[in-house]
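This structure is a prediction, so every number in the text was calculated from the model and none was measured. Proteins get letters first, then strands, A, B, ... in listed order; numbering begins at 1 in each.
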2 protein chains.
Amino acid sequence: MKKSSTTESLILHAAERIFFLRGFDGARMQEIADEASINKALLHYYFRSKERLFDAVFEAAVSRLLPPVLSVLHLELPLREKITAFVEAYFTTVLENPFLPGFIVHELQRNPAHFRAVIAARRIDVLETLKMQLHEGAESGIWRRISAEQFMLNLFSLCAFPFVARQGMQALSGKNDHEYLLLLEERRTLISGWVLDMLRPETVNVK
Amino acid sequence: MKKSSTTESLILHAAERIFFLRGFDGARMQEIADEASINKALLHYYFRSKERLFDAVFEAAVSRLLPPVLSVLHLELPLREKITAFVEAYFTTVLENPFLPGFIVHELQRNPAHFRAVIAARRIDVLETLKMQLHEGAESGIWRRISAEQFMLNLFSLCAFPFVARQGMQALSGKNDHEYLLLLEERRTLISGWVLDMLRPETVNVK
DNA sequence: TTTTATTCTAACCATATAGTTAAACTTTAC
DNA sequence: GTAAAGTTTAACTATATGGTTAGAATAAAA
């Protein structure tokens with residue numbers, strides 16, 4: 001049973017490349033088979049159907065992105081460090097899988113229930129810890145009052161959107177792939193500062 | 001030739017609903033025909049092929065989003081007002097077409113050249129004016145030094161991502177449709193403040 | 001070595017889908 | 001009112017696609 005496991009992961013990796021690139025509807029089983037250099041029937045031998053193969057890929061994708069990224073939000077860390085840790089975790093993970101965010105975002109639209117199910121199954125609660133921490137910070141006057149939801153949206157937006165809309169941003173900015181990567185690396189060092197700026201208590205009339 | 005123009009826009013609207021929801025690959029010509037309550041052959045009579053019909057929808061979509069949103073960036077306005085105007089334009093447009101951002105983002109991934117072509121054809125240059133304005137602001141010490149690209153990314157990210165990843169954010173936050181809309185309306189009033197926070201010259205050790 | 005279970009393939013099937021055609025219906029022009 | 005042009009439809013075609021099957025090749029067990 002040595003061969004089976006390697007073939008299975010061979011298929012999974014090929015399917016991942018194709019599904020990441022084309023989404024569920026755009027992907028062809030034949031193309032996945034070709035990508036894996038195997039017969040199309042073998043796909044069905046290992047994963048009964050296109051749906052199941054896709055589910056496996058999606059599950060793996062979510063597993064690769066969410067845990068490393070969301071777990072830092074629960075750590076016992078000052079907000080400042082937590083933000084930096086989040087940004088680092090996000091960029092590290094996503095720079096290794098640049099199509100991941102777009103893939104997930106598209107599946108979010110295609111089949112919202114799918115993602116909900118995955119989230120529910122993992123009992124993920126991102127906001128719990130964050131809410132407390134932000135509340136405390138606001139009470140003690142260190143941070144501006146902001147809902148955990150808006151804070152999360154800001155953090156996610158600044159990190160994820162440049163990947164999700166990469167092609168569009170490149171088109172608008174005229175940057176080539178290399179230049180855009182530099183831009184992303186620069187962001188990696190800047191985002192946590194920006195997020196903290198948004199948290200700083202409002203200064204009175206900076207002019 | 002009265003009927004033709006109404007039928008054409010009837011088809012376009014139906015196609016828009018379906019393409020927005022399912023993307024090019026997920027959409028079926030039959031479903032579009034049903035949505036428009038017409039015969040499938042009529043789609044081909046008005047728009048030779050699925051590709052052409054999609055192109056028409058995409059062109060219309062880009063036309064609806066980009067001009068109102070990007071044009072404000074060229075106005076002779078102080079940065080502060082410009083940012084507010086941008087956010088207002090974005091939310092006004094997108095709240096009327098909630099699937100627009102996701103649709104464009106997906107097409108960006110599926111066929112990057114398509115968007116590039118549209119941008120090129122319109123000779124859009126978002127950064128030109130912005131660069132000067134940010135440079136002047138930085139020279140005079142009013143604003144922090146930041147590249148126009150990063151600034152644009154920040155602005156776009158904070159506005160667009162909550163729409164693009166709406167289903168995911170709702171899943172993570174547990175908000176229902178109505179609650180999420182409230183969150184978006186709240187953002188609409190907050191984003192320009194945040195963007196300005198990110199622009200404010202770095203204060204020395206706020207602790 | 002022989003038998004059995006597993007892994008893999010070529011050829012096939014059923015169906016869904018984009019696109020076509022020929023004819024009917026409707027509007028416009030005269 | 002009639003002919004021509006434009007619009008719409010039912011029925012059809014060709015093909016792409018997900019999935020199946022029967023059997024070959026390979027590995028494991030005896």
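Contact annotation: B:Tyr45 side-chain N/O to D:dT8 OP1/OP2 distance is not under 4.0 Å. Between A:Arg28 and the phosphate of D:dA16, there is no side-chain N or O to OP1/OP2 separation shorter than 4.0 Å. Phosphate contact (OP1/OP2 of D:dT8, side-chain N/O of B:Thr7, threshold under 4.0 Å): present.
Distance from the side chain of B:Asn39 is smallest to D:dT9 among C:dA18, D:dT9, D:dG18. When each of C:dT9, D:dT9, C:dG19 is scored by its nearest atom to the side-chain atoms of B:Leu42, the top-ranked nucleotide is D:dT9. In the set D:dT9, D:dT7, D:dG19, the nucleotide with an atom closest to the side chain of B:Ile38 is D:dT9. Which of D:dG19, C:dT21, C:dT9 sits closest to the side chain of A:His44 comes down to D:dG19.
The residue among A:Ser37 and B:Ser49 whose nearest nucleotide of DNA chain C is located toward the 5' end is A:Ser37.
Checking side-chain atoms of A:Glu96 against main-chain N and O of A:Thr93 turns up no donor-acceptor pair under 3.5 Å.
Taking atom CZ of residue A:Phe54 and atom P of nucleotide D:dG18, one finds them 13 Å apart after rounding to whole Å. As a whole-Å value, the separation of A:Lys50 NZ from C:dT15 P is 19 Å. Between the CG atom of B:Asp25 and the C1' atom of D:dT17 there is a distance of 13 Å, rounded to whole Å. Rounding to whole angstrom units, CD of residue B:Glu8 and P of D:dT7 are separated by 10 Å. If you take CD1 of B:Ile32 and C1' of C:dT17, they are 12 Å apart, rounded to a whole angstrom. Between B:Gln30 atom CD and D:dT9 atom C1' there is a gap of 12 Å when expressed in whole angstrom units. Atom pair B:Leu43:CG and C:dG19:P shows a separation of 10 Å (rounding to whole Å applied). Rounded to an integer number of Å, the gap from A:Phe47 CZ to D:dG18 P is 16 Å.
The side-chain contact (heavy atoms from CB on, under 4.5 Å) test with A:Tyr46 singles out one residue from A:Leu12, A:Ile11, A:Leu10, and that residue is A:Ile11.
Cation-pi geometry between A:Arg110 and A:Phe24 is met: the NZ or CZ atom falls under 6.0 Å from the ring centre, inside 45° of the normal.
Residue A:Ala33 is out of contact with every strand shown, counting any heavy-atom pair closer than 4.0 Å.
Side-chain N/O atoms of B:Gln109 and A:His106 include no donor and acceptor closer than 3.5 Å.
Between the base of C:dG19 and the side chain of B:Lys40 there is a donor-acceptor pair shorter than 3.5 Å.
Listed here is the closest heavy atom pair of A:Val87 and A:Ile191: CG2-CG2, 3.8 Å.
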